[in-house]
Amino acid sequence: MSSWSNNALISKAKSMYGQFLKPSDYEKLIKYHSVSDLVAFLKKHPHYQDILKDVSENAIHRGNLEALIKKNAFDNILKLMKSVYSKDAEYYELNIVKQENEIILSVIRTFISDEIEDNKGKIPYFFDTHSEIDIKKILKVESFEALIEALKGTPYENILVPYYTKNKDNIRYLDIEHALESYYYDQAFMRIENNYKGKLKKDLEAIFQTRIELSNIIKIYRLKKFYHSDPVTIKSVLVRKHSRINEKRIDEMIALKDPDKILGYLANSEYQLFKNDKDYVYIEYYAGQIRYDLAKKFMYFSTEVPKIYTAFITLAEIEIENITNIIEGIRYQVSEIEMKQMLIY
């Protein structure tokens, strides 16, 4: 990639990031008591005014709103992907693998919950032209068997076949999620290995290793606290292949009798460098804040395109999570204080 192209992509990413929601925007959003008020605000915001200009704030379904928010983020990522004309283009297309994973898991959840029609509105149909999976076929799927058939010839067919069951009550969702997640990270590390070397390679690997480790810590916490899972079950859903945390430390976390002590474990680990003065009630938000701070650091201070691109995607994902949490907070009438504790910014 030429230095001119480098500068163009960096400028475009930073310019688009400049339109993301600011802390002052979140302060206003958490005061709303209806989704229509939230939509009315976003329709006037520079980051969302185009994608929401034709929707009626009084009529839009919550699921459709979330789909449009995701489409807006994907459109921005696509603009950056299209700016890449170098041999490392496969790295920039990695986000497509993640989107495909989310679509497949979303469809499987519809079988389990028996809410096929309601949940179809959340599937990102806009993604069709960028994926090797056929979204139109996926939208018609109403069984696990039909899903595998729709994915025939893609890498996902072989990933799902071992988990096939005719009875939806026997679907091993966590195992499927783990298999897809492992495939995504294998793709990430393979594409980094194929295209980069030196410090850039190490930094990119560190971004994904951090993501894996934080995700593993959250899984341990959730499975211990809410499902009282045994150590074998917990270890079976962790991504260990690319993690820097060794078996001994994993076992120590799993062995903690009080799941809430995992928050303290995180605060005293190498991630304490990212600790700030916020009081975290949930470990998910502490881990999210670490991801956010790391991505923001790369966005502001890095001059290397792959790192800025990866940071942009992370920050876009976090903004989607924030808006989704506010929408859910409005739905369940969560207080402003509680809602603020769930947001990462």
Side chain to side chain contact (heavy atoms under 4.5 Å, CB included) partners for S182, two or more places apart | H178, V239
In a table with atom names and distances, give each donor-acceptor pair under 3.5 Å that connects a side chain of residues 162-171 to protein atoms at least two apart or in another chain.
residue : atom : partner : partner atom : Å
T165    : OG1  : N167    : N            : 3.3
T165    : OG1  : N167    : O            : 3.4
N167    : OD1  : D169    : N            : 2.9

Please list, chain by chain and in numerical order, all residues satisfying side-chain hydrogen bond (donor to acceptor under 3.5 Å, both in side chains) with N158, sequence neighbours excluded.
-> none
Minimum heavy-atom distance L29-L21, with the two atoms named = CD1-CD1, 4.0 Å
Report the C-alpha separation of E321 and N325 in whole Å, then their side-chain angles, then the decisive distance to 0.1 Å, and conclude whether the side chain to side chain donor-acceptor pair (under 3.5 Å) test is met.
-> CA-CA 6 Å; E321 290 165 16; N325 282 330; over 6 Å; no
Please confirm whether F20 and Y345 have ring centers closer than 6.0 angstrom.
-> no
Which residues pass the side chain to side chain contact (heavy atoms under 4.5 Å, CB included) test with K248, sequence neighbours left out?
-> N246, E252
Residue pair T210, R244: steps toward the side chain to side chain donor-acceptor pair (under 3.5 Å) verdict | CA-CA 8 Å; T210 299; R244 294 164 296 193; 3.0 Å; yes
Provide the full list of salt bridge (charged side-chain N to carboxylate O under 4.0 Å, His left out) pairs with a residue in residues 173-191, sequence neighbours left out, each pair given once.
-> R172-D175, E181-K219, D186-K241
Taking it one step at a time, do K202 and E205 satisfy salt bridge (charged side-chain N to carboxylate O under 4.0 Å, His left out)?
-> CA-CA 5 Å; K202 284 185 180 175; E205 286 175 341; over 6 Å; no
Taking only residues at least two apart or on different chains, which pairs with a member in residues 226-250 satisfy ring pair (Phe, Tyr, Trp, His ring centres under 6.0 Å)?
-> F189-H242
Connected via hydrophobic side-chain network under 4.5 Å: F301 and F298 | yes
Under 4.5 Å between side-chain heavy atoms, hopping through other hydrophobics if needed: is there a path connecting I212 to M190?
-> no
Where is the tightest heavy-atom contact between D88 and N195, given as atom of each residue plus distance?
-> CA-OD1, 3.4 Å
Going from NZ on K296 to CG on L315, what distance comes out if it is rounded to the nearest 0.5 angstrom?
-> 8.5 Å
Between Y48 and F41, is the gap from one ring center to the other below 6.0 Å?
-> no
Ring centroid separation for Y92 and Y309, is it under 6.0 angstrom?
-> yes
